[in-house]
Amino acid sequence: MESNHPKTSIALIGGGASALFFAASIDSSKFSVTIYEKNKTLGRKFLVAGDGGFNLTHSEPTQQMIARYSPNDFLQDALLQFDNNSCREWLSDLGIATFIGSSKRIYPEKGIKPIEVLNAILQKIKENKVEIKYEQTWNGWKDDKLLFNSSDVVVADIVIFALGGASWKVTGSDGSWLRYFEEKGIETLPFQASNCAYKVDWKSDFIKQFHGEPLKNISATCENKTQKGELVITEFGLEGNAIYALSPEIRRQLNNNKDASLFIDLKPHLSAENLKIKFENASNSSKNRTSILREKIKLSKTQVALLKSILSKDEFLDDAILLQKIKQLPIKITDLAPMDEAISTVGGIVLSEVSESFEIKKLPRYYCIGEMLDYDAPTGGYLLQACYSLARIVAKKITDSL
């Protein structure tokens, strides 16, 4: 027999990945949920994320996945309770089959477009009887009530903020909401770009010829962290998965020193000793140094040109220096890409301001989920997985608290 007790009302502010997943996960028999979205549609950033290959999450073991986040402990419980396998099962229940690609990233089965994934989630939200109000911009509080569009006030038993970060403003994520939390005495940090291009002041003759060229099968190191992968040389500097994963370390150095030191290993699969043997054996031939690097060491044309652009002529001709730089080529990074060009951002609500259940300590029954919290994640499905797991654990804890 259905209870006559009124349902607990939830105001869900934002319509990105975290909000969508929360709305699709919450128990509609216990809660009455309303989404307040500033745009005319939901999931705009979710769709933009699918433009370059729609990796929904990553397949690596949960403990390894946890270590990818910075800081790497605040998401632990959420990921343990709802991990990448749970995500795949949930999507499968919605009719979205997935597969693990060669990169170990998880994608929708071939032929399933991002809009189809979004529509499957929206259908679940519809079945959950979630009300959606569009063109509703949150403008802080008025007499402790939620204020929308300058004059409309809303009261709810529970409020879930899913306001996003500050990248891709065209999707609605502009970070302008920070000041409303600051007015409530909640500590925030300014947003900064992450998973973005990093500025390098290339020599003009080098960049004129090699902009857009990849550096494949390399590893990049900043501070004590190393990431294997690929980089792309651009007129602005460097981008690619090998540098995105080093965003926290690079950003920390830029904030502290105004520049950052990156080191590229052009032959990470070859030890320094084996590289030396290969080079010395090849040096006994009549080939010139560039030919040896190309044919025997198997450096690409771009890699050889990069060495020549950074080393002096004397350094390039010195065997010991050249070999050392092949394994540890220094690159000076001078800036971040503009925030609106970044894949994601850090900053927002400081983690110490929320409890283990992501409830705002100074505002009971108000919660924060998604990119609006100050944490960092690499590309490759980790950003979306964090949104899923945060939404799921908050939905569960709210339900358990009834």
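Throughout, numbering of the chain's residues begins at 1 and tracks the sequence. Since we're looking at a predicted model, the values are computed, not measured.
E371 and T345 are linked by a side-chain donor-acceptor pair at a separation below 3.5 angstrom, with hydrogens and angles left out of the test. With 3.5 Å as the limit, one finds no donor-acceptor pair spanning the side chains of D157 and T8. Inspection of the S194 and D376 side chains reveals an N or O donor paired with an N or O acceptor under 3.5 Å. S357 and Y367 are not linked by any side-chain donor-acceptor pair at a separation below 3.5 angstrom, with hydrogens and angles left out of the test. For the residue pair Q328/Q324, the side-chain donor-acceptor check at 3.5 Å is satisfied. Judged by distance alone, the side chains of E60 and Y382 do bring a donor and an acceptor atom under 3.5 Å apart. No hydrogens or angles considered: nothing links the side chains of N39 and T41 as a donor-acceptor pair under 3.5 Å.
Ring orientation note: the planes of W141 and F161 are nearly perpendicular, at an angle over 60° on the 30°/60° scale. Using a 30° and 60° split on the angle between ring planes, F206 and W202 fall in the tilted class, from 30° to 60°. Classified by interplanar angle (parallel below 30°, tilted 30° to 60°, perpendicular above 60°), the ring pair Y69/Y375 is tilted. Note: F358 and F74 have perpendicular aromatic rings, judged against thresholds of 30 and 60 degrees for the angle between ring planes.
For W90 and Y388, the distance between ring centers is not under 6.0 angstrom.
Using a 4.0 Å cut-off between charged nitrogen and carboxylate oxygen, K38 and D174 count as a salt-bridge pair. Between D259 and K199 there is no salt bridge, since no side-chain nitrogen of the basic residue lies less than 4.0 Å from a carboxylate oxygen of the acidic one. Using a 4.0 Å cut-off between charged nitrogen and carboxylate oxygen, K184 and D144 count as a salt-bridge pair. With salt bridges taken as basic N to acidic carboxylate O contacts below 4.0 Å, none links K397 and E359.
Between the side chain of N55 and the main chain of T57, no donor-acceptor pair closer than 3.5 Å is present. For N84 (side chain) and H58 (main-chain N/O), a donor-acceptor pair under 3.5 Å exists by modelled atom type. Between the side chain of K327 and the main chain of L270, a donor-acceptor pair closer than 3.5 Å is present. Side-chain atoms of N288 come within 3.5 Å of backbone N or O of T290 as a donor-acceptor pair. Panel note: side chain S92, backbone R88; no donor-acceptor pair is recorded below 3.5 Å. A donor-acceptor pair under 3.5 Å is formed between the side chain of Q385 and the backbone N or O of F82. In this structure, the side chain of T34 does not engage the main chain of E131 through any donor-acceptor pair within 3.5 Å.
P71 is listed as a side-chain neighbour of L351, based on a closest heavy-atom distance under 4.5 Å.
Geometrically, K133 does not engage Y36 in a cation-pi contact defined by less than 6.0 Å to the ring centre and at most 45° from the axis.
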